Undergrad: 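Just dropping this structure here.
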Amino acid sequence: MNLMNKKNIRNFSIIAHIDHGKTTLSDRLIQKSDMFYKIKQDNKEAQLLDSMDLEKERGITIKSHPIRLEFDIDGEHFLYNIIDTPGHVDFSYEVSRSLAACEGAILLVDAAQGVEAQTVANTYLAIESDLEIIPVANKIDMQQANVPETIAEIHELIGCDENEIILASAKSGKGVDDILRRVRDVILPPSGDDSKPLKALIFDSHFDMYKGVISHIRVFDGVLKKGMKILFMANNETFEVMDVGVFKMGMVECSELSAGEVGYFTALIRKPQIVHVGDTVTNAKNQTAKAFPGYRKSLPMVFSGIYPINPNDYAKLKDSLEKLRLNDPSFQYVPESSDALGYGFRAGYLGLLHMEVVNERLLREYEIQLINTAPSVAYRVILRNGKTVVVENPSKFPDPSQIKSIEEPIVQASIVTPPEYIGSIMEISQNKRGRYQNMEYISENRVILKYFYPLSEIVIDFYDQLKSVSRGYASLDYGISGYQEEKIVLVRILVNSSPVDALSFMCVKDQAHYKGKSILQKLRKTIPRQMFNVALQAAVGGKIISRENIVQLRKDVIAKCYGGDITRKRKLLEKQKAGKKRMKMVGNVEIPQEAFLTVLKI
Amino acid sequence: MKSNAGVYVHIPYCLSKCSYCDFVSSRIDNTFEEYINLLEQEIYLWKSKSSINVDVDTIFFGGGTPSLLSPVQLDRILSRIVKTFAITNNCEISIESNPDTLNIEKLKDYKKIGINRISIGVQTLDDSILKEMNRRHSATQAIRSVLDAYNAGFTNINCDFILGLPSETRATIDNNIKAISELPITHVSTYFLTLSPNVPLSKRLQNNDIMLPTENSTIINWETMVNKLKDMGFTHYEISNYAKKNMECRHNLHYWNLDQWFGIGIASTGNLLTEDKNLKTLKRYTNFKKFSEYKESVKNGLLPEETFELVNGVKKVNEECMLGLRLINEGIPYSFVKNEYKVEHLLENGYIKFINDSIENNYEKHAQEKRIGLTEKGVLVSNQVISSLFID
């Protein structure tokens with residue numbers, strides 16, 4: 001693949017907040033490229049890079065898809081590899097690895113929205129990776145665009161000259177040629193030496209039914225060829241390369257990938273856990289001296305039980321989870337069982353959005369109706385015998401008499417907001433047990449607030465609250481910063497004296513009463529009246545801290561049923577029956593799925 | 001022996017709309033006379049249906065307010081029915097009515113043309129509640145109508161009552177019961193008020209202009225009514241219906257026995273056996289709801305059927321369960337039950353009971369098999385009980 005001189009290759013990412021126009025810009029670049037004439041206009045999806053339905057609907061890129069484009073610029077042929085990055089706070093490690101595969105990045109800021117927290121976070125990641133940054137103010141032709149302020153913010157963020165900022169509209173195509181030339185002029189061509197031992201960075205992977213794991217790589221040194229014995233350095237696993245290729249609109253096989261190139265290889269790897277983002281691939285027989293720095297296993301931070309509503313779906317769920325994990329190695333799960341919900345799984349996610357995405361995919365792609373238990377974080381429980389156990393599942397909470405202390409995970413968060421919302425944000429932060437760190441103005445109209453929060457406080461509805469108090473203007477980025485001792489208790493929920501493990505949760509002692517009470521109140525509204533009285537109780541240890549009653553259903557009767565009513569009434573009762581089937585029986589009490597969901601938001 | 005069929009004729013016109021009503025009905029207008037002509041034509045269309053060889057032993061005019069029909073108009077429709085269908089000698093011919101549209105002369109004429117059962121929409125005998133419901137009559141008028149009907153020669157008189165009306169008290173119920181005991185009423189239908197959100201009464205409730213009685217007092221009132229009616233010699237024979245001996249509504253029994261019936265007129269539903277005799281598949285059709293569409297179809301010589309569904313298999317089994325259990329003393333065969341645990345639970349808690357084999361009328365029919373039916377407690381939560389017995 002040495003047709004192209006290395007000096008004419010550019011590898012770069014686009015850093016942008018959700019909806020700031022990254023995908024539109026990518027599409028524009030594809031349209032400008034030599035490849036475009038091959039794509040039939042009428043077969044083209046509105047946006048080309050995001051391929052999963054869900055992503056399209058939410059406008060979020062979850063999986064990165066690199067693309068290789070060729071351009072004739074001012075009479076010279078260039079090869080651009082655009083390495084797309086996931087756009088959400090849960091995936092910052094993945095973003096950092098994608099950036100590490102590049103020499104430069106386009107910083108794309110929506111001129112109507114301004115710089116957002118994640119953009120700031122990702123830009124800092126890019127600066128840390130020594131990337132050349134090309135600042136672009138996008139959507140300048142929109143009515144709400146505030147170009148001077150956006151320029152000021154970008155200037156504050158990266159310290160560039162204001163005239164270096166390209167004014168663009170990816171939608172209309174304005175500024176796109178400038179971007180193409182700036183990439184050529186500013187971003188360095190890849191360095192690296194084909195004659196050195198192979199050294200390639202894995203920045204993503206996906207799974208193919210026939211070929212196994214497809215590793216997305218950037219070659220830094222050496223050449224990767226078919227048939228080569230390679231070593232994954234972090235995992236110390238060796239495989240033989242089956243084929244190598246590059247990403248055009250689809251995957252295209254080629255004979256080799258040399259230093260500076262971006263592409264993929266397959267090696268009949270059936271277990272996705274072997275291929276880790278951030279790992280270094282080298283020649284097993286001629287190893288590179290040192291792996292890339294910064295590798296870590298992505299650790300799940302949020303946990304929740306996943307149960308099929310219909311117990312017969314267990315096998316189907318298991319199968320679906322396996323398939324799902326093939327394309328999302330950061331998603332983890334182990335089997336567990338619950339008295340109320342039967343057999344299911346304990347799943348670990350990178351964050352709350354990751355959890356939502358996984359669950360929606362299970363529902364949509366695999367058509368499984370699920371019950372999720374309340375999301376939890378992993379507490380470190382220090383026992384009296386000196387041992388430390390990690391507890392992320394309320395049902396695994398140790399006997400309180402054995403507990404010496406409990407530590408909870410803390411995150412450091414940056415919130416970017418217009419200054420008028422500082423007060424409200426500080427107020428919700430107070431409620432979320434936030435600890436103020438500092439505040440910086442990035443421009444007259446934008447502030448970065450830095451806080452420490454317990455992770456457990458922000459996994460539930462912090463993001464929604466933040467958006468609501470700031471009318472959608474504030475944005476959030478966070479990362480785990482450590483653990484902190486806290487008085488944590490297990491609150492059990494009892495339905496007619498039977499504890500329902502799927503409704504139990506762990507929380508700060510001071511909040512147990514309030515949270516217990518609000519769960520019971522919500523349950524009272526969601527559990528339909530039964531043909532007997534139902535007592536709902538919240539308990540900490542042996543002590544009942546709150547109580548609600550659902551009074552017996554005494555009247556549920558169809559008044560009249562004549563000729564024209566029969567079909568409708570039958571359907572009504574069929575629906576009632578179907579509704580009951582979807583409920584979970586706890587003792588004699590029928591509990592609808594929504595009841596389990598109420599625990600998700602307290 | 002094949003069972004007989006009923007004929008239902010829908011008259012979707014009213015003088016005004018009651019504040020709790022969300023039925024397809026319209027204010028009476030200049031289409032009324034045209035509608036009667038169309039009804040005659042629609043009935044005539046059945047003449048050519050050779051597949052229809054079933055005896056008709058009930059005819060029912062429902063609405064709306066069918067008593068808006070003059071005796072002459074009613075006679076035209078009835079004559080057409082008699083010419084078209086095979087009518088039995090003892091045919092029950094019912095008409096629904098509202099008190100404000102009745103008088104002794106009209107009732108005498110109705111009787112003369114062959115109507116032998118009248119159903120009167122009394123609803124309650126409290127004038128302020130009647131006004132709130134936008135009924136066009138007073139309690140006195142309602143009582144007058146019952147007496148007029150009796151004096152005109154009707155011996156089969158039904159009155160409809162609604163329970164759970166706004167401002168209803170125990171006194172309201174006692175007053176209604178007293179009137180029933182003193183009047184020549186042979187059949188009572190009582191319904192719990194059910195409101196859809198978009199009717200005027202619902203809006204009044206939302207604005208807190210009026211209040212519904214509590215669930216508890218509605219239940220007590222219902223229990224009082226049931227017990228008093230039984231004391232007066234009424235049999236609680238269907239969830240919402242009570243009859244003196246042999247005065248059950250035979251037309252409505254066709255519905256609850258899932259027999260055949262013809263539906264005539266706008267929005268009417270009919271239920272007829274298909275050719276597929278072995279499976280006993282029923283075809284349930286519903287006529288056009290829009291006047292213009294109904295008219296066009298009839299004018300073109302086509303039965304004005306808008307939709308239909310075939311009822312057999314699970315659907316039919318579940319309908320038999322639902323309708324069988326509505327008939328308090330009929331119930332369903334114990335063998336119908338698929339989930340014995342569920343039934344034990346319902347029996348233990350007094351929602352259903354075994355129907356006593358010694359009930360004379362049903363002895364022959366039920367001696368061979370145990371049957372289960374709703375208790376009074378079960379009637380109140382019959383939706384729960386019935387749906388839990390449905391099969392998949």
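Just so you know, these numbers come straight off a predicted model, no measurement behind them. Below, chains carry the letters A, B, ... as their sequence lines are ordered, and counting in each starts from 1. Only this structure's heavy atoms are used, side chains among them; waters, hydrogens and symmetry mates stay out.
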Undergrad: We want to know whether Glu96(B) and Asn158(B) form a side-chain donor-acceptor pair, criterion being a heavy-atom distance below 3.5 angstrom.
TA: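 Note: Glu96(B) and Asn158(B) side chains miss the donor-acceptor criterion.
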Undergrad: Quick check on the interface: out of Lys571(A), Lys569(A), Lys560(A), Arg570(A), who has the most heavy-atom pairs with chain B under 4.5 Å?
TA: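 Of Lys571(A), Lys569(A), Lys560(A), Arg570(A), Arg570(A) has the most heavy-atom pairs under 4.5 Å with chain B.
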Undergrad: Heavy-atom distances under 4.5 Å only: say whether Glu590(A) touches chain B with side chain, backbone, both or neither.
TA: side chain
Undergrad: Could you give the side-chain donor-acceptor pairs of residues 305-316 of chain A under 3.5 Å, partners two or more places apart or in another chain?
TA:
unit_1    : atom_1 : unit_2    : atom_2 : d
Tyr307(A) : OH     : Glu336(A) : OE2    : 2.8
Asn310(A) : OD1    : Asn312(A) : N      : 3.0
Lys316(A) : NZ     : Glu367(A) : O      : 3.4

Undergrad: Pick one of side chain, backbone, both or neither for Asp565(A), based on which atoms fall under 4.5 Å of a heavy atom in chain B.
TA: neither
Undergrad: His345(B) versus chain A, heavy atoms under 4.5 Å apart: side chain, backbone, both or neither?
TA: side chain
Undergrad: Counting heavy-atom pairs closer than 4.5 Å to chain B, which one of Lys580(A), Glu574(A), Met531(A) comes out on top?
TA: Met531(A)
Undergrad: I need the residue from Asn383(B), Ile219(B), Leu380(B), Asn349(B) with the largest number of non-hydrogen atom pairs under 4.5 Å to chain A.
TA: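 The answer is Asn383(B).
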Undergrad: Measuring heavy-atom distances to chain A, does Trp256(B) have an atom under 4.5 Å in its side chain, in its backbone, in both, or in neither?
TA: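 Contact with chain A involves the side chain of Trp256(B) alone.
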Undergrad: May I ask you to check whether Arg284(B) and Thr269(B) show a side-chain donor-acceptor distance below 3.5 Å?
TA: no
Undergrad: Where on Leu346(B) is there a heavy atom nearer than 4.5 Å to chain A: the side chain, the backbone, both, or neither?
TA: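 Just the side chain, heavy atoms under 4.5 Å.
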Undergrad: As an exercise: rank Leu572(A), Leu553(A), Val557(A) by heavy-atom pairs under 4.5 Å with chain B and give me the winner.
TA: Val557(A)
Undergrad: Using ring pair (Phe, Tyr, Trp, His ring centres under 6.0 Å) as the criterion, point out the one residue from Phe60(B), Phe85(B), Tyr8(B) that pairs with Phe262(B).
TA: Phe85(B)
Undergrad: For Gln384(B), is it the side chain, the backbone, both or neither that has a heavy atom under 4.5 Å from a heavy atom of chain A?
TA: both
Undergrad: Quick check: does any side chain N or O of Asp22(B) sit under 3.5 Å from a backbone N or O of Ser196(B), one acting as donor and the other as acceptor?
TA: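 Pair absent, no side-chain N/O of Asp22(B) close to backbone of Ser196(B).
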Undergrad: Regarding Asn241(B) and Ser189(B), is there a side-chain donor-to-acceptor distance under 3.5 Å anywhere?
TA: yes
Undergrad: For Lys575(A), is it the side chain, the backbone, both or neither that has a heavy atom under 4.5 Å from a heavy atom of chain B?
TA: neither
Undergrad: With respect to chain A, which residue among Leu258(B), Leu163(B), Asn216(B) yields the maximal number of heavy-atom pairs within a distance under 4.5 Å?
TA: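 Highest number of pairs under 4.5 Å: Asn216(B).
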Undergrad: Below 4.5 Å, heavy-atom pairs only: which of Thr194(B), Leu323(B), Thr218(B), Val385(B) has the largest tally toward chain A?
TA: Leu323(B)
Undergrad: Do Lys555(A)'s NZ or CZ and the ring of Phe192(B) fall within the cation-pi criteria of under 6.0 Å and 45°?
TA: yes
Undergrad: Can a cation-pi geometry be assigned to Arg325(A) and Tyr333(A), taking NZ or CZ under 6.0 Å from the six-membered ring centre and within 45° of the ring axis?
TA: yes
Undergrad: For Ser382(B), is it the side chain, the backbone, both, or neither that has a heavy atom closer than 4.5 Å to a heavy atom of chain A?
TA: both
Undergrad: Do His254(B) and Asp57(B) have side-chain N/O donor and acceptor atoms under 3.5 Å apart?
TA: yes
